[in-house]
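Just below is one structure, and these are the notes that go with it.
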Amino acid sequence: RSAVRVTAEDADEGFRPTTGTIDEIVFSNSKGCWGYFSVPSGGGVHQFADSQFGHIFATGATREEARRKMVLALRNTHIRGEIRTPHGYIIELLERQEFRESDVSTAWLDGII
């Protein structure tokens with residue numbers, strides 16, 4: 001299984017929380033991949049809210065299958081509005097060889113942030 005938190009954070013600014021409207025969320029559940037969002041299209045994230053507003057989950061017969069499904073789900077998820085999300089950054093992490101080989105740790109992550 002694989003899970004990704006959907007957050008209103010700007011990866012280019014040290015994952016600083018962002019606020020504002022969410023004009024549109026495009027996400028489709030598929031076989032082996034599902035998600036939910038606590039803020040609908042037309043909603044928003046305010047300055048006193050937690051930056052997390054959803055989750056996406058993927059499952060597969062192997063870790064690699066779940067990882068591929070997650071990458072595809074993230075590539076097909078579009079969140080438009082004033083907020084920023086780290087989806088592109090997360091896709092890059094999931095595509096790294098170290099992640100594919102499960103050769104990761106918090107020290108590894110700290111070293112590439």
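Quick note: residue numbers are just sequence positions, from 1. All values derive from a computational prediction rather than experimental measurement.
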Centre of Phe99's six-membered ring, under 6.0 Å away, within 45 degrees of the axis: is that where NZ or CZ of Arg63 sits? yes
Check whether Ser105 reaches the backbone of Ala107 with its side chain - one donor and one acceptor, N or O, closer than 3.5 Å. yes
Close side-chain approach of Leu109 to Val104, heavy-atom, < 4.5 Å: no
I need the Phe27 CZ to Cys33 SG distance, nearest 0.5 Å. 4.5 Å
Has the side chain of Lys69 got a donor or acceptor atom that lies under 3.5 Å from a matching backbone atom of Gly60? no
Are Leu72 and Ile25 connected, step by step, through hydrophobic side chains (Ile, Leu, Val, Met, Phe, Trp, Tyr) whose heavy atoms are closer than 4.5 Å? no
Could you give all pairs that pass the salt bridge (charged side-chain N to carboxylate O under 4.0 Å, His left out) test and reach residues 76-99, with sequence neighbours left out? Glu24-Arg80, Arg67-Glu95, Arg75-Glu95, Glu95-Arg100, Arg96-Glu98
Identify whether Phe15 and Leu74 are in the same connected component of the hydrophobic contact network (ILVMFWY, side-chain heavy atoms under 4.5 Å). yes
Got Asn29 and Tyr36 here, is their nearest side-chain heavy-atom distance under 4.5 Å? no
Less than 6.0 angstrom separating the ring centers of His55 and Phe57, yes or no? yes
Between CE of Met70 and CD of Glu65, what distance do you get to the nearest 0.5 Å? 13.0 Å
Any chance you could measure Lys31, atom NZ, to Thr59, atom OG1, to the nearest 0.5 Å? 11.0 Å
Straight-line distance of Tyr89 OH to Asp10 CG, nearest 0.5 Å: 12.5 Å
Distance check, rounded to the nearest 0.5 Å: Ile90 atom CD1 versus Thr85 atom OG1? 7.5 Å
Side chain proximity check, Thr21 to Val45, heavy atoms < 4.5 angstrom: no
Less than 4.5 Å apart, any side-chain heavy atom of Val6 and any of Ile79? yes
Check: Ser51 side chain, Glu9 main-chain N or O, donor-acceptor pair, under 3.5 Å: no
Inter-residue atom distance Phe37.CZ - Ile56.CD1, 0.5 Å rounding: 4.5 Å
Hey, does Thr7 have a side-chain heavy atom less than 4.5 Å from the side chain of Pro86? yes
